[in-house]
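These notes are about the structure you will find just below.
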Amino acid sequence: MDDILETYVKSANEEDFTVDLTLQVKGALVTGTLTSAHDYLNATSHLLENGGEASQKISEQFEKAAESTKEQKHEHYSFIHLKDAKVFISDTPTPEEGGVYWRGTLEQVDGYFLGKIEVEE
């Protein structure tokens with residue numbers, strides 16, 4: 001695992017640090033803005049809160065998990081989170097318009113660079 005990338009993730013989770021990143025993950029490019037686990041979990045909770053009963057229960061679990069991350073500090077982090085993310089497997093991103101929250105394991109990142117790939121929409 002790359003120590004510098006892990007430092008970025010630690011800073012995102014503990015100090016609200018953000019930076020645009022493009023990750024190489026198993027042949028795909030994932031581009032977006034680094035964000036904290038709290039922001040990822042909170043956004044996921046909001047996506048689910050207006051669904052049915054099961055969806056609302058899951059939303060509440062994500063909300064609790066998001067709040068618990070505020071007090072947690074780790075020596076090592078396992079996951080990286082991007083907001084406004086796009087995934088490139090070819091020359092067309094997924095999603096084609098807008099962006100999504102993305103979560104991946106730090107171990108699976110093969111390489112990265114600062115900055116994100118911009119696509120004219």
Side-chain angles (χ1 to χ4, degrees):
M1 187 177 331
D2 184 284
D3 291 340
I4 296 170
L5 186 59
E6 188 176 21
T7 298
Y8 293 152
V9 170
K10 182 177 176 115
S11 296
N13 284 296
E14 296 177 10
E15 301 169 26
D16 292 327
F17 171 77
T18 64
V19 66
D20 290 341
L21 288 173
T22 299
L23 312 173
Q24 295 167 305
V25 182
K26 304 295 178 208
L29 293 177
V30 182
T31 190
T33 303
L34 179 67
T35 193
S36 66
H38 175 269
D39 287 347
Y40 170 83
L41 293 166
N42 195 39
T44 303
S45 172
H46 290 307
L47 286 172
L48 297 169
E49 69 188 357
N50 294 323
E53 186 177 330
S55 182
Q56 290 174 359
K57 285 181 182 178
I58 295 169
S59 172
E60 290 170 12
Q61 293 282 331
F62 275 103
E63 191 173 328
K64 288 177 187 174
E67 288 308 309
S68 74
T69 63
K70 284 190 163 186
E71 296 98 39
Q72 295 176 353
K73 295 195 187 236
H74 299 281
E75 189 170 323
H76 297 287
Y77 285 86
S78 300
F79 293 94
I80 184 169
H81 303 90
L82 300 178
K83 65 180 177 180
D84 301 323
K86 291 182 180 291
V87 179
F88 289 83
I89 297 175
S90 64
D91 60 349
T92 304
T94 302
E96 285 189 48
E97 295 180 19
V100 295
Y101 276 84
W102 181 88
R103 174 182 169 104
T105 60
L106 278 169
E107 280 185 3
Q108 296 296 315
V109 176
D110 298 314
Y112 64 93
F113 60 84
L114 294 178
K116 65 181 175 180
I117 300 170
E118 297 291 340
V119 179
E120 292 183 25
E121 296 183 18

Applying side-chain hydrogen bond (donor to acceptor under 3.5 Å, both in side chains) to E6 and not counting sequence neighbours gives H76
*Could you please spell out the steps behind the side-chain contact (heavy atoms from CB on, under 4.5 Å) verdict for K116 and T33?*
CA-CA 8 Å; K116 65 181 175 180; T33 303; 3.5 Å; yes
Sorted by chain and residue number, the side-chain hydrogen bond (donor to acceptor under 3.5 Å, both in side chains) partners of Y8 (sequence neighbours excluded) come out as none
S45 (side chain) donor-acceptor with L41 (main chain) under 3.5 angstrom: no
**Report entry** Cluster overlap W102 with L106, hydrophobic side-chain contacts below 4.5 Å
**Finding:** yes
Residues A28 and V87: closest non-hydrogen pair is CB-CG1, 4.3 Å
Using only atom types and a distance under 3.5 Å, with no angle test, would you say the side chain of T105 pairs donor to acceptor with the backbone of F79? no
Rounding to 0.5 Å, atoms CD (Q24) and CZ (F113) come to a distance of 7.5 Å
Shortest non-hydrogen pair, A85 vs P95, comes out as O-CD, 3.9 Å
From the list T31, L29, L34, I80, side chain to side chain contact (heavy atoms under 4.5 Å, CB included) partner of L23 resolves to I80
>> Quick one, V109 with L5, criterion side-chain contact (heavy atoms from CB on, under 4.5 Å). Give me CA distance, side-chain angles, the key distance, then yes/no.
In response: CA-CA 9 Å; V109 176; L5 186 59; 3.7 Å; yes
For the backbone of K26 and the side chain of Q108, can you confirm whether one donor and one acceptor N or O come within less than 3.5 Å of each other? no
Residue pairs passing the salt bridge (Lys or Arg N to Asp or Glu O under 4.0 Å) test with at least one member in residues 36-54, sequence neighbours excluded, are E53-K57
Should we say atom CD1 of I117 is surrounded by more than 12 heavy atoms from elsewhere, each under 6.0 Å from it? yes
Correct closest heavy-atom pair for L48 and S55 would be O-OG, 2.6 Å
| field | Main-chain N/O of A37 paired to N13 side chain as donor or acceptor, under 3.5 Å | value | yes
d(Y77 OH, T7 OG1) to nearest 0.5 Å is 11.0 Å
In this structure, CG of L21 is separated from OG1 of T35 (nearest 0.5 Å) by 11.5 Å
So NE2 of H46 and OG of S59: to nearest 0.5 Å the spacing works out to 7.5 Å
Rounded to the nearest 0.5 Å, the CD atom of Q56 sits from the CD atom of E63 at a distance of 11.5 Å
The reported gap from CD in E107 to OG in S78 (rounded to nearest 0.5 angstrom) is 7.0 Å
> Around L114, counting heavy atoms of other residues, nucleotides and ligands shown, do more than 12 lie under 6.0 Å from its CG?
Replying inline: yes
| Are the side chain of D84 and the backbone N or O of G32 linked by a donor-acceptor pair below 3.5 Å? | no
Should L82 and Y40 be marked as a side-chain contact (heavy atoms from CB on, under 4.5 Å) after you check the CA-CA gap, both sets of side-chain angles, and the distance that decides it?
CA-CA 8 Å; L82 300 178; Y40 170 83; over 6 Å; no
If we only count heavy atoms from C-beta on, is the D2 to Y112 side-chain gap below 4.5 Å? yes
